[in-house]
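A short worksheet on the structure shown next.
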Amino acid sequence: MAKERPEKAEETEQMIEKEGAKEGLEATAAGDGKDMRAVLLSGFGGLNKLRVARKVMPEPQEGELKIRVKACGLNFIDLMVRQGNIDNPPKTPLIPGFELAGIVEALGGNVTGFEIGDRVMAFVNYNAWAEVACTPAEFVYKIPEDMTFPEAAAFPMNFVTAYMMLFEVANLREGMSVLVHSAGGGVGQAVAQLCSTVPNVKVFGTASAFKHEAIKTSLTHLFDRNSDYVQEVKRISPDGVDIVLDSLCGENTGKGIGLLKPLGTYILYGSSNMVTGETKSFFSFAKSWWQVEKVNPIKLYEENKVMAGFSLLNLLFKQNRAPVIKGVIDKLLALYNEKKIKPLVDSLWALEEVKEAMQRIHDRGNIGKLILDVEKTPTPLMANDSTETSEAGEEEEDHEGDTENKERMPFIQ
C-alpha cells in the first residue's frame with residue numbers, strides 16, 4: 001500500500017475529524033428512530049467522497065418491498081457515478097448502488113406475490129449500498145434456494161445486460177461469432193457463459209494479460225487488451241464477426257464496426273475509456289469523444305451493418321420496461337437451475353472497504369463481480385488506512401494488474 005505523503009498528514013487528520021463530526025450529527029438526527037449503516041457519497045469526485053454513515057432506515061411506500069440487504073453488486077457505472085461522469089447526475093449526498101440481494105422484511109400497500117422472509121434479488125434506482133433498501137415490487141425477483149446472496153447480487157446487472165444484448169438486440173444464433181471487450185469482467189463472463197448455451201458460437205475476447213490464465217477456458221480466442229486485436233481477429237476470421245459488444249467506446253467504436261460481417265451488429269453498452277484518473281477528467285472525456293468514428297448511416301446501409309446501444313438502467317428506470325426485464329430474469333433463472341450459467345464472484349468487501357473495492361474496479365483488477373457483503377467485518381488494516389488509500393490513489397498511475405491488489409480477499413466457492 002502506498003504511503004501517505006508527509007505534507008498530506010495534517011490535512012488528512014482534519015478531514016477525518018470533520019467527517020467524524022458530520023457522521024455524529026447524522027446519527028443524532030436519526031433520533032430514537034431506526035437507523036442503519038450505509039455508504040454515503042457526499043459529492044462527486046475521488047475516493048474520499050465515500051464513507052459509511054448512519055442513516056434513517058427507509059420504510060416501504062405503496063407498491064414497494066423493504067429488503068434487509070445481505071449483499072450488493074459493485075459495477076463500473078458506480079465508479080462513473082462517483083466521479084459525476086454520467087448524463088444528468090443525481091444530487092448528492094446519496095447512497096450509491098443499483099442491485100442487491102437480501103430478505104424481504106416488510107411489504108408496502110398493494111404488494112402481491114411476495115411474503116416476509118422471501119430470499120430475493122432486486123434492482124434499485126440508487127440506495128443499494130445499505131443495510132436496508134426499499135424498491136418497487138416490479139424490480140424484485142425471488143432467488144433459488146441454492147443461490148447464495150453474493151451470487152444473487154452478482155446476477156441481475158451482468159446477466160440481464162449480456163442476455164438482452166445477445167438475444168434481444170443482436171439475435172444470437174447457432175454458428176455465429178461474438179467479440180466482447182473486458183472479457184474478464186462480470187458482463188464479459190456472463191456473455192461467455194450465455195454463448196456456451198448456443199451450439200457452435202465462437203467467442204473472441206480482449207482482457208488484461210494477467211487475467212488470461214483464469215478465463216481462457218471460457219472463450220474461444222483471447223487477446224491482450226493492449227494488442228492489435230483487429231488484426232488478430234481477422235487472422236482467424238477474415239470476414240470478421242457477427243456481434244461486437246463494446247464497453248470501452250473511443251477508438252474501439254470504429255474498430256468494432258469495421259470488424260462486423262454483413263448483417264452484423266455492434267452494440268455499445270459502456271464508455272470505460274473515459275475513466276482514467278480517480279476524478280472526472282475533461283481531457284479523457286474529450287479524447288474518447290474525439291476518437292469515436294463518426295458513423296455515416298449511408299455507409300451502414302451500404303455495408304448491411306447495424307449499430308446499437310444498450311443501457312439496462314435507462315430501460316428499467318426511464319423507459320418503464322420492467323415487464324420485459326422480468327421475462328428475461330425468468331429465462332436466466334431457468335438456465336441457472338439447469339446448471340448452464342453461474343455468477344462469477346471476484347471478491348467480497350465490507351461496506352467500510354468500499355474505497356478499496358472501487359479502486360480494484362478502477363484498476364481493472366477484478367475477474368467477475370465485486371460484492372459488498374453487508375455483514376462482513378472489515379479487515380482492520382483497510383478500515384484504518386481507508387483515508388490513506390484514497391489520498392495515495394490521487395498520485396498513483398493506473399497500476400493495472402498490481403499483484404497485491406489482485407490477490408486481496410478472493411471469493412472461494
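In this text the structure is predicted, and so the values were computed from the model without any measurement. What's counted below: heavy atoms across the whole structure, side chains too, no hydrogens, waters or symmetry copies.
Under the 3.5 Å distance criterion, the side-chain polar atoms of Glu64 are left unmatched by any main-chain donor or acceptor of Cys134. Looking at Lys142, its side chain does come within 3.5 Å of a backbone N or O of Gly113 through a donor-acceptor pair. Side-chain atoms of Asp118 come within 3.5 Å of backbone atoms of Glu115 as a donor-acceptor pair (strictly under, hydrogens ignored). No side-chain donor-acceptor contact under 3.5 Å links Ser208 to the backbone of Lys211. Side-chain N or O atoms of Ser247 include none that pairs as donor or acceptor with a backbone N or O of Tyr269 at under 3.5 Å. Judged by distance alone, the side chain of Arg37 and the main-chain N or O of Glu131 form no donor-acceptor pair under 3.5 Å. Between the Ser177 side chain and the Asp242 main chain, a donor and an acceptor come within less than 3.5 Å of each other. In this structure, Gln61 contributes its side chain and Gly108 its backbone to no donor-acceptor pair below 3.5 Å. The closest donor-acceptor contact from the side chain of Glu352 to the backbone of Val52 lies at 3.5 Å or more, if one exists at all. Side-chain atoms of Arg364 come within 3.5 Å of backbone N or O of His362 as a donor-acceptor pair.
Looking at every heavy atom in both residues, Gly97 comes nearest to Val124 through O-CG2, 3.6 Å. Residues Arg360 and Ser347 share a closest heavy-atom pair of NE-OG, 3.9 Å. In terms of heavy atoms, Ala162 sits closest to Ala190 at CB-CB, 3.8 Å. A pairwise comparison of heavy atoms in Leu268 and Gly270 identifies CD1-O, 3.1 Å as the closest pair. Residues Ala122 and Val140 share a closest heavy-atom pair of CB-CG2, 3.9 Å. When all heavy atoms of Ile95 and Met36 are compared, the pair lying nearest together is CD1-CE, 4.2 Å.
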(message) Test salt bridge (Lys or Arg N to Asp or Glu O under 4.0 Å) on Lys339 and Asp146; report intermediate values, then the result.
(response) CA-CA 11 Å; Lys339 311 299 182 186; Asp146 61 342; 3.0 Å; yes

(message) Between Val306 and Val169, does the side chain to side chain contact (heavy atoms under 4.5 Å, CB included) criterion hold? Intermediate values first, please.
(response) CA-CA 10 Å; Val306 177; Val169 180; over 6 Å; no

(request) Begin from the C-alpha positions of Arg82 and Asp78 and carry the test salt bridge (Lys or Arg N to Asp or Glu O under 4.0 Å) through to its verdict. (result) CA-CA 6 Å; Arg82 190 203 77 212; Asp78 297 310; over 6 Å; no

(message) Checking Leu107 against Leu65 for the side chain to side chain contact (heavy atoms under 4.5 Å, CB included) test, could you report, in this order, the C-alpha distance in whole Å, the side-chain angles of both residues, the deciding distance, and whether it holds?
(response) CA-CA 5 Å; Leu107 308 176; Leu65 297 176; 3.0 Å; yes

(request) Before giving the answer on side chain to side chain contact (heavy atoms under 4.5 Å, CB included), spell out for Val180 and Val187 the whole-Å C-alpha distance, their side-chain angles and the decisive distance to 0.1 Å. (result) CA-CA 9 Å; Val180 58; Val187 174; 5.7 Å; no

(request) Any chance you could lay out the side-chain hydrogen bond (donor to acceptor under 3.5 Å, both in side chains) test for Thr206 and His181, step after step, and finish with the verdict? (result) CA-CA 5 Å; Thr206 67; His181 291 296; 2.9 Å; yes

(request) Any chance you could lay out the side chain to side chain contact (heavy atoms under 4.5 Å, CB included) test for Asn125 and Phe98, step after step, and finish with the verdict? (result) CA-CA 6 Å; Asn125 196 5; Phe98 298 101; 4.3 Å; yes

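With contacts defined as side-chain heavy-atom distances shorter than 4.5 Å, the pair Tyr336/Ile143 does not qualify. At a threshold of 4.5 Å between non-hydrogen side-chain atoms, the residues Thr379 and Glu356 do not count as touching. Phe159 places none of its side-chain heavy atoms less than 4.5 Å from the side chain of Val328. Two residues are said to be in side-chain contact when any heavy atoms from C-beta on lie closer than 4.5 Å; Ser218 and Leu222 fail this criterion. For the pair Glu138/Ile325, no side-chain contact is recorded, criterion being any heavy-atom separation below 4.5 Å from C-beta on. Phe76 places none of its side-chain heavy atoms less than 4.5 Å from the side chain of Ser182. Counting only heavy atoms from C-beta outward, the side chains of Leu333 and Met147 approach each other to under 4.5 Å. Within the 4.5 Å cutoff, side-chain heavy atoms of Thr253 are placed close to those of Tyr266.
No salt bridge links Asp239 with Lys261; every basic N to acidic carboxylate O contact stays at or beyond 4.0 Å. Taking 4.0 Å as the cut-off between side-chain N and carboxylate O, Arg235 and Asp228 do not count as a salt-bridged pair. With respect to Arg321 and Glu168, no salt bridge is recorded, no charged nitrogen being found less than 4.0 Å from a carboxylate O. Salt-bridge check for Glu59 with Lys34: failed, with every basic side-chain N at 4.0 Å or more from each acidic carboxylate O.
For the atom pair Thr148 OG1 and Lys70 NZ, the distance stands at 13.0 Å (nearest 0.5 Å). The line from CZ of Phe149 to CD1 of Ile371 is 12.5 Å long, rounded to the nearest 0.5 Å. One distance of note links CG of Leu344 with CD of Gln189; it measures 5.5 Å at 0.5 Å rounding. Atom CE of Met176 sits about 4.5 Å away from atom CD1 of Ile243, to the nearest 0.5 Å. Between the OH atom in Tyr229 and the NZ atom in Lys255 there is a gap of 5.0 Å [rounded to 0.5 Å]. Atoms CD and CG, from Glu99 and Asn75 in turn, are 4.5 Å apart once rounded to the nearest 0.5 Å.
Leu372 pairs with exactly one of Leu348, Leu100, Leu351 by the side chain to side chain contact (heavy atoms under 4.5 Å, CB included) rule, that one being Leu351.
At most 12 heavy atoms of other shown residues, nucleotides or ligands fall within 6.0 angstrom of atom CD in Glu213.
A distance below 6.0 Å separates the ring centres of Tyr163 and Phe167. Taking the six-membered ring for Trp, Phe317 and Phe139 have ring centres closer than 6.0 Å.
Cation-pi contact between Lys326 and Tyr141: absent, since separation from the ring centre below 6.0 Å together with deviation from the ring axis within 45° is not met.
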